[in-house]
Amino acid sequence: MRILVTGGAGFIGSHLVDRLMEEGHEVLCLDNFYTGTKANIQQWLGHPRFELIRHDITEPIRLEVDQIYHLACPASPVHYQYNPIKTTKVSFMGTLHMLGLAKRVKARFLLASTSEVYGDPLVHPQPEEYRGNVNCIGVRACYDEGKRIAETLTFDYHREHKLEVRIARIFNTYGPRMLENDGRVVSNFIVQALKGMPLTVYGDGSQTRSFCYVSDLVEGLIRLMNSDYTGPVNLGNPEEYTILQLAKTVQSLVNPEVQIVFKPLPEDDPKQRQPDITKAKTYLSWQPKVPLLEGLQKTIEDFRRRLSL
Ligand code: NAD
Ligand code: UDP
């Protein structure tokens with residue numbers, strides 16, 4: 001198959017590209033390199049089944065493909081809040097352009113949505129039926145509301161144009177190739193510990209997240225795309241940790257000498273998050289396999305190598 005991966009030079013996108021190339025597909029990787037890097041996909045440059053397209057999805061593009069994995073959008077709060085209007089524009093106009101492309105060539109379309117559509121959730125764990133608690137004028141809204149409108153557009157293309165669509169609601173995912181300056185919690189703690197700097201816990205660290213290793217997530221995306229189930233489907237690891245627990249784990253794995261310091265909690269930071277993955281188990285026969293300790297070890301090794309520490 002000819003498969004387009006938008007955001008294919010990014011963290012999750014590049015791991016997805018690896019899997020699709022290994023399965024023998026023809027892969028078009030589209031990226032504007034805002035947070036993606038050529039290093040993430042350099043292993044495929046020059047391969048006859050691989051094509052790299054530098055393009056910003058807020059502009060339309062004409063391509064011929066069978067499937068579209070639509071991942072292009074900054075995902076770390078630091079990066080999506082740097083230019084929030086652009087983030088909303090990417091989510092709305094970018095998704096509109098990719099849906100238009102899917103409609104023209106009758107390609108199956110998978111949207112990489114997010115647990116952020118649940119905002120600061122009042123239902124725990126979060127099933128797909130939960131409609132969320134998002135502050136639509138807050139600092140996270142450019143991303144949260146952006147993904148909500150992207151889901152709306154995706155479903156309306158499905159209803160109005162009979163487009164085959166899939167929606168994945170991805171929960172916090174980590175692994176090799178996260179940027180050193182990504183700003184998300186796993187990469188921050190690992191980079192800080194490797195450099196012997198204090199680990200920065202925001203708030204008192206009692207807020208929770210559930211961390212999914214990237215290979216598990218990519219398996220879930222591929223299964224969803226090739227299933228008969230439209231979704232939305234939660235994809236994430238249901239093992240829930242407080243941020244302080246995560247800091248202590250990274251500290252013990254990398255350097256027990258480093259300190260933990262407490263910094264102000266960012267605005268609208270969700271207090272708890274854990275996916276209910278009943279649907280993924282039922283419709284995709286999918287559940288995460290990689291335990292946190294194993295995934296953290298692999299991520300630490302990758303950062304150690306890249307930072308030469
Ligand atoms: P990432 O920032 O590493 O990847 C995003 C990619 O999209 C980058 O390569 C970036 O350069 C590209 N991009 C951004 N704006 C673009 C534009 N206008 N045109 C073309 N390319 C553009 O982030 P990630 O963690 O790999 O996330 C990938 C997708 O998964 C995103 O849609 C994100 O919202 C979603 N997601 C990720 C997580 C997570 O924990 N990693 C959780 C929920 C949802
Ligand atoms: N966080 C933290 N220290 C950091 C970075 C993040 O304590 O250096 C916290 C952040 O406040 C949030 C959690 O870790 O409660 C997860 O943050 P991240 O940015 O990784 O993802 P998101 O908030 O989007 O789930």
Side-chain angles (χ1 to χ4, degrees), residues 5-17 29-38 40-41 53-59 61 69-81 83 86-87 89-91 93-95 97-98 110-117 120 140 143-144 146-147 150 168-175 177-179 182-192 197-212 214 217-218 221 234-237 241-244 246-247 250 260-273 275:
V5 181
T6 76
F11 161 53
I12 297 176
S14 64
H15 287 278
L16 176 62
V17 165
C29 168
L30 183 156
D31 210 293
N32 71 346
F33 299 109
Y34 174 50
T35 50
T37 65
K38 277 196 189 144
N40 285 343
I41 37 95
I53 305 161
R54 179 188 279 267
H55 179 77
D56 188 316
I57 53 158
T58 56
E59 303 291 336
I61 188 167
Y69 288 88
H70 177 41
L71 276 67
C73 179
S76 160
V78 174
H79 293 131
Y80 73 63
Q81 288 170 24
N83 187 344
K86 173 81 188 215
T87 301
K89 194 172 166 185
V90 171
S91 299
M93 288 180 63
T95 304
H97 290 145
M98 293 306 110
L110 182 147
L111 172 69
S113 184
T114 171
S115 53
E116 297 281 339
V117 299
D120 190 1
R140 296 174 80 99
Y143 183 74
D144 302 6
K147 291 288 187 180
R169 289 189 181 150
I170 303 170
F171 283 63
N172 297 63
T173 300
Y174 70 100
R177 297 187 189 154
M178 293 184 87
L179 292 176
D182 183 280
R184 282 177 281 189
V185 67
V186 174
S187 46
N188 269 11
F189 286 172
I190 292 177
V191 171
Q192 288 163 345
M197 290 157 58
L199 309 194
T200 53
V201 168
Y202 300 160
D204 62 6
S206 63
Q207 71 274 29
T208 68
R209 293 293 186 275
S210 307
F211 300 100
C212 187
V214 65
L217 196 270
V218 165
L221 291 177
N234 289 338
L235 293 179
N237 192 322
Y241 299 86
T242 68
I243 296 304
L244 190 56
L246 178 75
V250 172
I260 293 178
V261 295
F262 294 88
K263 299 270 181 187
L265 190 67
E267 208 180 310
D268 287 339
D269 200 276
K271 282 181 268 312
Q272 52 183 1
R273 188 179 287 154

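Source: prediction; values computed, not measured. Ligands are counted one by one from 1 in listed order, and the atoms in each one are counted from 1 as well.
- With a 4.5 Å cut-off on side-chain heavy atoms, D31 and R54 do not count as touching.
- When each of T208, N172, D120 is checked for a side chain to side chain donor-acceptor pair (under 3.5 Å) with R273, only N172 meets the rule.
- In this structure, of P74, C73, G36, G13, the residue bringing a heavy atom nearest to atom 5 (C) of ligand 1 is C73.
- For atom 12 (C) of ligand 1, the nearest protein heavy atom (residue, atom name, distance) is D31 OD1, 3.4 Å.
- Counting only distance, with no hydrogens or angles, the side chain of D144 and the backbone of V117 share no donor-acceptor pair below 3.5 Å.
- Of the possible polar contacts, one joining the Q207 side chain to the Y202 backbone as a donor-acceptor pair under 3.5 Å is found.
- The distance criterion of under 3.5 Å between nitrogen or oxygen atoms is met by F11 with respect to ligand 1.
- Ranking protein heavy atoms by distance to atom 38 (C) of ligand 1, first place goes to I170 CG2, 3.9 Å.
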For ligand 2, run through the N/O pairs with the protein that fall under 3.5 Å and put one pair on each line.
{"residue": "ligand 2", "atom": "3 (N)", "partner": "T200", "partner atom": "O", "Å": "2.6"}
{"residue": "ligand 2", "atom": "7 (O)", "partner": "Y202", "partner atom": "N", "Å": "2.7"}
{"residue": "ligand 2", "atom": "8 (O)", "partner": "N188", "partner atom": "ND2", "Å": "2.8"}
{"residue": "ligand 2", "atom": "8 (O)", "partner": "T200", "partner atom": "O", "Å": "3.3"}
{"residue": "ligand 2", "atom": "8 (O)", "partner": "T200", "partner atom": "OG1", "Å": "3.0"}
{"residue": "ligand 2", "atom": "8 (O)", "partner": "Y202", "partner atom": "OH", "Å": "3.4"}
{"residue": "ligand 2", "atom": "11 (O)", "partner": "D269", "partner atom": "OD2", "Å": "2.7"}
{"residue": "ligand 2", "atom": "15 (O)", "partner": "Q207", "partner atom": "NE2", "Å": "2.9"}
{"residue": "ligand 2", "atom": "15 (O)", "partner": "R209", "partner atom": "NH2", "Å": "3.4"}
{"residue": "ligand 2", "atom": "15 (O)", "partner": "D269", "partner atom": "OD1", "Å": "2.5"}
{"residue": "ligand 2", "atom": "15 (O)", "partner": "D269", "partner atom": "OD2", "Å": "3.3"}
{"residue": "ligand 2", "atom": "20 (O)", "partner": "V185", "partner atom": "N", "Å": "2.8"}
{"residue": "ligand 2", "atom": "21 (O)", "partner": "N172", "partner atom": "ND2", "Å": "3.4"}
{"residue": "ligand 2", "atom": "23 (O)", "partner": "R140", "partner atom": "NH2", "Å": "3.0"}
{"residue": "ligand 2", "atom": "23 (O)", "partner": "R209", "partner atom": "NH2", "Å": "3.2"}
{"residue": "ligand 2", "atom": "24 (O)", "partner": "E116", "partner atom": "OE2", "Å": "3.1"}
{"residue": "ligand 2", "atom": "24 (O)", "partner": "R140", "partner atom": "NH2", "Å": "2.9"}
{"residue": "ligand 2", "atom": "25 (O)", "partner": "N172", "partner atom": "ND2", "Å": "2.9"}
{"residue": "ligand 2", "atom": "25 (O)", "partner": "R209", "partner atom": "NE", "Å": "2.7"}
{"residue": "ligand 2", "atom": "25 (O)", "partner": "R273", "partner atom": "NH1", "Å": "2.6"}

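- Protein heavy atom in closest approach to atom 13 (N) of ligand 1: N32 OD1, 3.3 Å.
- A perpendicular orientation is assigned to the rings of Y34 and H79, their planes being inclined by more than 60° (bins at 30° and 60°).
- Interface of D56 with ligand 1, defined as ligand atoms under 4.0 Å from a residue heavy atom, comprises 17 (C), 18 (N), 19 (N).
- Comparing T35, V186, L71 by heavy-atom distance to atom 29 (C) of ligand 1, the nearest is L71.
- The contact set between ligand 1 and I57, taken as ligand atoms under 4.0 Å from a residue heavy atom, comprises 17 (C), 18 (N), 19 (N), 20 (C).
- The nearest heavy-atom contact from the protein to atom 24 (P) of ligand 1 is A75 CB, 3.9 Å.
- Taking distance alone, with nitrogen or oxygen atoms compared against 3.5 Å, H70 stays at or beyond that limit from ligand 1.
- For atom 4 (O) of ligand 1, the closest heavy atom belonging to the protein is G10 CA, 3.7 Å.
- Annotation for ligand 1: atoms under 4.0 Å from non-hydrogen atoms of A9 are 9 (O).
- For atom 44 (C) of ligand 1, the closest heavy atom belonging to the protein is S113 O, 3.3 Å.
- Given atom 36 (N) of ligand 1, the protein heavy atom at minimum distance is Y143 OH, 3.8 Å.
- Using a 4.0 Å heavy-atom cutoff, H55 is listed among the residues neighbouring ligand 1.
- Nearest to atom 37 (C) of ligand 1 among the protein's heavy atoms is I12 CD1, 3.7 Å.
- The ligand atoms of ligand 1 that sit less than 4.0 angstrom from a heavy atom of V90 are 18 (N).
- Residue contacts with ligand 1 for K147 involve side-chain atoms from C-beta outward but no N, CA, C or O (heavy atoms, distance under 4.0 Å).
- Contact analysis puts R184 in contact with ligand 1, with a non-hydrogen atom separation below 4.0 angstrom.
- Between T173 and the options L217, L235, T114, a side chain to side chain contact (heavy atoms under 4.5 Å, CB included) holds for only L217.
- For F33, every heavy-atom contact with ligand 1 shorter than 4.0 Å involves the backbone, none the side chain.
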